[in-house]
Number of protein chains: 2
Amino acid sequence: MSIDNDGKFKKANFTHIIEDDIINEDEMLKLDNQLCFALYVCSKEIIRKYKPILEPLGLTYTGYITLLALWERDEVTVKDLGNRLYLDSGTLTPLLKKLESQGYIERIRSTLDERNVLIKLTTAGRDLKTKAYRIPRDLICSANIEATDAKSLLSGLHQFMEQIIDK
Amino acid sequence: MSIDNDGKFKKANFTHIIEDDIINEDEMLKLDNQLCFALYVCSKEIIRKYKPILEPLGLTYTGYITLLALWERDEVTVKDLGNRLYLDSGTLTPLLKKLESQGYIERIRSTLDERNVLIKLTTAGRDLKTKAYRIPRDLICSANIEATDAKSLLSGLHQFMEQIIDK
DNA sequence: CTCAATTTAATTGTATACGATTAATTTTCT
DNA sequence: AGAAAATTAATCGTATACAATTAAATTGAG
């Protein structure tokens with residue numbers, strides 16, 4: 001328990017000691033101190049900036065990251081895709097049906113294990129990657145992102161995710 | 001334009017020069033290099049961890065951050081709340097109606113300017129703050145978050161948001 | 001003073017997102 | 001082999017989220 005300037009005990013359940021700072025509980029409830037809120041706003045705002053860039057390709061942000069995953073590894077199950085994208089079948093099934101209707105992927109029930117549906121890029125889906133090369137650049141430009149800041153933030157996030165995921 | 005080891009020009013539209021690294025466009029399209037995807041996954045996973053903590057109070061994450069905003073500044077318009085939460089009236093109106101039905105807030109059409117609807121905490125809404133004090137601690141605990149990491153990530157995010165918002 | 005422009009919240013339509021459940025299939029246990 | 005358990009994708013219900021539009025009120029220009 002800590003003792004403040006005038007020598008009185010602080011009530012333990014009203015203070016946290018983090019490094020050198022004492023942060024009281026009112027501070028902890030301020031929006032500016034919410035890590036999750038900052039993450040949430042940041043991701044939403046960037047996704048908004050993706051919108052006009054992805055729109056010419058007929059893609060939403062979720063469709064885009066699904067294709068990113070498939071360009072890395074193709075002919076995978078819905079389950080595998082969900083693990084990589086942190087999405088479940090409730091989200092993926094309608095999304096994949098749309099990408100199929102757009103001609104970017106095929107959904108093929110596996111014959112080896114009929115529980116599995118394999119997701120496979122079509123030629124059009126594979127070819128789309130060529131057009132996608134400009135997307136990261138266009139985003140960095142339109143969102144005014146500094147590459148160095150983005151890189152350090154990204155590595156901080158990866159480290160953080162290691163901590164919190166599956167705990 | 002850069003020249004590589006064997007003296008040939010690299011195709012400018014296939015390379016980026018960032019600091020000392022040359023990152024080719026295939027790398028740029030990998031999920032692990034997507035800052036937005038990391039933000040998006042991180043915020044979703046943390047919001048998932050909030051769920052069981054907020055559920056006893058009858059709150060969703062959006063309801064929670066709305067109350068956080070109101071505990072800081074009360075009797076505000078929907079517009080003001082939207083500016084602070086980065087949400088528009090399409091999201092807020094139904095959310096605020098629900099918080100009203102739960103007895104946490106009142107929605108009062110302003111008499112000074114009848115376009116405005118003022119959002120005002122009820123006594124129950126103000127009293128809920130006492131129960132909310134434990135939420136940040138509970139989350140940090142259940143999500144296994146290191147306070148020092150969270151603090152540095154948060155400051156990195158605030159700095160980043162300065163860059164990208166309203167550009 | 002009056003009409004056009006602006007502002008505000010609500011509404012509508014579309015797209016996510018996830019928990020829970022379901023149906024079909026496969027695996028495991030005995 | 002055969003029943004129980006586990007796995008997979010799909011479905012259902014609920015909650016976000018946002019762009020675009022609408023309706024009402026206020027402001028501003030002439």
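Below, chain A is the first sequence line, B the second, and so on; all start at residue 1.
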Legend entry - Backbone N/O of B:Met28 and side chain of B:Gln34: donor-acceptor pair under 3.5 Å: yes
Legend entry - Euclidean distance, A:Leu85 CG relative to A:Asp80 CG, rounded to 0.5 Å: 9.0 Å
Inset, instruction - Output the distance between atom CG (A:Leu29) and atom CZ (B:Arg134), rounded to the nearest 0.5 Å. - result: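 One finds 12.5 Å between CG of A:Leu29 and CZ of B:Arg134.
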Inset, instruction - Hey, could you give me each pair passing salt bridge (charged side-chain N to carboxylate O under 4.0 Å, His left out) that has a residue in residues 88-100 of chain A? Not counting sequence neighbours. - result: A:Glu100-A:Arg107
Inset, instruction - Spell out protein contact along nucleotides 5-17 of chain D as letters: B when the base is contacted, S when just the sugar-phosphate is, - when no protein heavy atom is under 4.0 Å; keep the 5' to 3' order. - result: --BSBBB---SSB
Legend entry - Residue pairs fulfilling side chain to side chain donor-acceptor pair (under 3.5 Å) with at least one residue in residues 117-131 of chain B, sequence neighbours excluded: A:Asp26-B:Lys129
Inset, instruction - Just jot down the ring-ring contact (aromatic ring centres under 6.0 Å, His included) partners of A:Tyr104, sequence neighbours excluded, or say none. - result: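 Listed in chain order: nothing, the list is empty.
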Inset, instruction - Tell me what A:Leu112 touches on the nucleic acid: a base, only sugar-phosphate, or nothing, going by heavy atoms under 4.0 Å. - result: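 A:Leu112: backbone/sugar contact only, no base atoms under 4.0 Å.
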Show me the donor-acceptor pairs within less than 3.5 Å that the side chains of residues 51-64 of chain B make with the rest of the protein, sequence neighbours left out.
| from | atom 1 | to | atom 2 | distance (Å) |
| --- | --- | --- | --- | --- |
| B:Thr60 | OG1 | B:Gly63 | N | 3.2 |
| B:Tyr61 | OH | A:Phe37 | N | 3.2 |

Legend entry - For chain A, the stretch of DNA chain C it reaches, first to last nucleotide, under 4.0 Å of its heavy atoms: C:dA15 to C:dT26
Inset, instruction - Take A:Gln163 and B:Asp149, measure what side chain to side chain donor-acceptor pair (under 3.5 Å) needs, and give me the verdict at the end. - result: CA-CA 10 Å; A:Gln163 271 181 45; B:Asp149 296 341; 2.3 Å; yes
